[in-house]
Amino acid sequence: MTEPEVLLLDEPTRGIDVGAKYEIYQLIIDLANKGKVVLVVSSEMPELLGICDRILVMSGGRLAGEVDAKNTTQEEIMALAAKYV
């Protein structure tokens, strides 16, 4: 595929240095600004809060909740993550 409408990234910055992380964040933001759907799977909450519009929280293999990334805290995300544990 040369121009996918949806991109799924699983832990895109795991093991990457700080400079490369910034470049990856910029690529993700640029793609989203072009109307592409970018799904990011990550355990790095600051990363998710910084680049995402919405965050889906999984717990015990189930969807525990959905939050607006701009209006939530790490504590609220952690509470959802513990929902089905």
Side-chain angles (χ1 to χ4, degrees):
M1 296 182 112
T2 58
E3 292 292 327
E5 294 298 316
V6 178
L7 180 63
L8 174 60
L9 303 172
D10 185 9
E11 300 284 355
T13 61
R14 177 71 61 191
I16 302 293
D17 67 75
V18 174
K21 279 186 181 189
Y22 177 78
E23 290 180 24
I24 291 170
Y25 296 157
Q26 287 307 122
L27 288 170
I28 291 169
I29 292 166
D30 289 346
L31 286 168
N33 287 338
K34 291 178 182 175
K36 305 296 183 183
V37 175
V38 183
L39 300 171
V40 179
V41 176
S42 178
S43 57
E44 301 289 331
M45 280 188 280
E47 176 174 278
L48 294 172
L49 290 168
I51 63 171
C52 295
D53 296 323
R54 291 181 291 157
I55 298 173
L56 300 177
V57 181
M58 302 297 293
S59 175
R62 296 188 271 176
L63 179 62
E66 177 181 348
V67 296
D68 178 344
K70 306 301 181 218
N71 297 309
T72 195
T73 64
Q74 288 187 34
E75 291 78 19
E76 291 171 325
I77 294 170
M78 289 302 295
L80 286 170
K83 188 173 183 177
Y84 298 117
V85 177

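Predicted, not measured: the structure shown is a model, and the values here were computed from it. All residue numbers refer to positions in the sequence shown, counting from 1.
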**Prompt:** Which side-chain hydrogen bond (donor to acceptor under 3.5 Å, both in side chains) pairs, counting each pair once, include a residue from residues 59-68, with sequence neighbours left out?
**Reply:**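 Every pair satisfying side-chain hydrogen bond (donor to acceptor under 3.5 Å, both in side chains) with a residue in residues 59-68: Arg54-Glu66, Asp68-Asn71.
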For residues 69-85, the salt bridge (charged side-chain N to carboxylate O under 4.0 Å, His left out) pairs (sequence neighbours left out) are none
Applied to residues 24-38, the salt bridge (charged side-chain N to carboxylate O under 4.0 Å, His left out) test, sequence neighbours excluded, yields Glu3-Lys36, Glu5-Lys36
| message | With a 4.5 Å cut-off on side-chain heavy atoms, are Arg14 and Ser42 touching? | response | no
Connected to Leu56, directly or through other members, by ILVMFWY side-chain contacts below 4.5 Å are Met58, Leu63
Please go through Ile16's hydrophobic cluster and name the other residues, only I, L, V, M, F, W, Y counting, with side-chain heavy atoms under 4.5 Å joining them.
->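 Its cluster mates, by chain and number, are Leu7, Leu9, Ile24, Tyr25, Ile28, Ile29, Leu31, Val38, Val40, Met45, Leu48, Leu49, Ile51, Ile55, Val57, Val67, Ile77, Met78, Leu80.
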Neighbour count above 12 (heavy atom, 6.0 Å) for Tyr22 OH |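 Not more than 12 within 6.0 Å, no.
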How about Thr13 and Glu47: does a side-chain donor come under 3.5 Å of a side-chain acceptor?
-> yes
Closest non-hydrogen contact found for Glu11 with Ser43 is OE2-N, 3.1 Å
Glu23 meets the side chain to side chain contact (heavy atoms under 4.5 Å, CB included) criterion, sequence neighbours left out, with none
Requested in this report: Only counting residues at least two apart or in another chain, list the ones meeting side chain to side chain contact (heavy atoms under 4.5 Å, CB included) with Leu27.
Outcome: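 So Leu27 forms no side chain to side chain contact (heavy atoms under 4.5 Å, CB included) with any residue.
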For Lys21, the salt bridge (charged side-chain N to carboxylate O under 4.0 Å, His left out) test, sequence neighbours excluded, returns none
